[in-house]
Amino acid sequence: KHIVNSLRFIHEKLHIFIKWFQKMIPFYIILVLEKIIKESNMKQYFKALLAEQTEMALATSVKDIPNVRIVNFYYDEETKKLFFISFKNSHKIQELAINNRIALTTVPKGDGRYVRIQGRVKESQLSIEDIRSVFVQKYPYYQDIIEQHSNSLQLFEVSFSDAFLVLDNNQVEKIKL
C-alpha cells in the first residue's frame, strides 16, 4: 500500500509538472523568437549605422604607446570587413606593420549612437580601384583624392568577429557576425 501511495504521489506530481511544462513551451518559444527578432533588428541597425556614419576613431598601440586618429571607412556587408584608405608612408601604416591589433569606434552623429570594434588590420588584396565607386559614393571628395594621389594610397581592411552597438549609456548590444 505504501508503494502504491508513493506511485500515486509521483504520478500526480509528474502530471502537474507536465501541465506546467506544456504551458512553458510556448512561452519559451516566444522568448527564443523575440531573441532572434531582436538580434536580427540589431544587426540591421548595426549595418545602417556603419552605412550612415562617415568617420571612425582608429586606435593603434606600439610598445604600449597608444595612438588614435580619425579616418573615413566603408563597411562591406558581403565580406563583413571594414575598409579604409591611407597614405603609404604615414605613421599609422608604420604602427600597423608593427602591431596589427586595433580598436575603433565610429564617431557618433546626432543621437550619440556608435559602434565599437576590436580587430586586426591588414593590407587588402583588393585594389583601391576595386572599391573606388563605394568610397566615392559615400565620400564624393575621394574622387579627387584618388585621382591625384592614387600611387601614394594604400587600402586596408579590418577583420572582426563581433562588435558592440552602443545605443545609449545603459544599452550596449553585442553583434556576432
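Using cut-offs of 30° and 60° on the angle between ring planes, the pair F160 and Y75 is tilted. Between Y139 and Y142, the ring planes are tilted. Angles from 30° to 60° get that label.
Within 6.0 Å of CG in D144 there are more than 12 heavy atoms belonging to other residues, nucleotides or ligands. With a 6.0 Å radius and a threshold of 12 heavy atoms from other residues, nucleotides or ligands, R101 has its CZ atom at or below the threshold. When the shell of 6.0 Å around CD of Q154 is examined, it contains more than 12 heavy atoms from other residues, nucleotides or ligands. At most 12 non-hydrogen atoms from other residues, nucleotides or ligands lie less than 6.0 angstrom from CD of Q125. Atom CD of Q143 has more than 12 heavy atoms from other residues, nucleotides or ligands within 6.0 Å.
Note on F83: it clusters hydrophobically with I146, by side-chain heavy-atom contacts below 4.5 Å among ILVMFWY residues. Residues M42 and F46 fall within the same hydrophobic cluster, defined by Ile, Leu, Val, Met, Phe, Trp and Tyr side chains chained together at heavy-atom separations under 4.5 Å. In this structure, I70 is not a member of the same hydrophobic cluster as L82, with clusters built from ILVMFWY side-chain heavy atoms closer than 4.5 Å. L104 and V68 fall into different hydrophobic clusters, defined by Ile, Leu, Val, Met, Phe, Trp and Tyr side-chain heavy atoms under 4.5 Å apart, directly or through other members. Taken together through direct or relayed side-chain contacts under 4.5 Å among Ile, Leu, Val, Met, Phe, Trp and Tyr, V107 and Y74 form parts of separate hydrophobic clusters.
Annotation: the span from F135 atom CZ to F84 atom CZ amounts to 9.0 Å, rounded to 0.5 Å. L49 CG to R113 CZ: the interatomic distance, rounded to the nearest 0.5 Å, is 8.5 Å. To the nearest 0.5 Å, the span separating CD on E123 from CD1 on I93 amounts to 8.5 Å. Taking CG of L50 as the reference point, atom CD1 of I117 lies at 6.0 Å (rounded to 0.5 Å). The structure places OG of S159 at 10.5 Å from CG of L177, a figure rounded to the nearest 0.5 Å. Taking OG from S152 and CD1 from I145, the interatomic distance works out to 12.0 Å, rounded to the nearest 0.5 Å.
Annotation: side chain of E95 is in contact with side chain of R69 (closest heavy-atom distance under 4.5 Å). The shortest side-chain heavy-atom distance between D76 and E157 does not fall under the 4.5 Å cut-off. The closest side-chain heavy-atom distance from L167 to V172 is not below 4.5 Å.
In terms of heavy-atom proximity, A163 sits nearest to V115 at CB-CG1, 4.1 Å. Heavy atoms only, all atoms of each residue included: S61 and N99 are closest at O-ND2, 2.8 Å. T106 and F73 make their closest contact through CG2-CZ, 3.9 Å (heavy atoms, listed as atom of the first residue, atom of the second, distance). Between I102 and T60, the shortest heavy-atom distance links the atoms CG2-CG2, 4.0 Å. Among all heavy-atom pairs drawn from K109 and E52, the shortest one is NZ-O, 3.7 Å.
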Mind running side chain to side chain contact (heavy atoms under 4.5 Å, CB included) on K88 and N151 for me, showing each step along the way?
CA-CA 9 Å; K88 289 181 179 177; N151 294 333; 5.6 Å; no
One pair to check against salt bridge (Lys or Arg N to Asp or Glu O under 4.0 Å): R132 and E147. What are the steps and the verdict?
CA-CA 10 Å; R132 179 185 193 135; E147 284 178 12; 3.5 Å; yes
Evaluate V158 against K122 for side chain to side chain contact (heavy atoms under 4.5 Å, CB included), listing each step before the verdict.
CA-CA 7 Å; V158 179; K122 71 175 188 175; over 6 Å; no
Steps toward side chain to side chain contact (heavy atoms under 4.5 Å, CB included) verdict (K92, V71):
CA-CA 11 Å; K92 168 181 38 198; V71 297; 3.3 Å; yes
Can you list the steps and then say if F156 with S124 is a side chain to side chain contact (heavy atoms under 4.5 Å, CB included)?
CA-CA 5 Å; F156 288 87; S124 182; 5.9 Å; no
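Proximity of a side-chain donor or acceptor of K138 to a complementary backbone N or O of Q53 within less than 3.5 Å is detected. Not one N or O on the side chain of T105 forms a donor-acceptor pair closer than 3.5 Å with the backbone of A57.
Salt bridge status for D162 with K174: present, with a side-chain N to carboxylate O gap under 4.0 Å.
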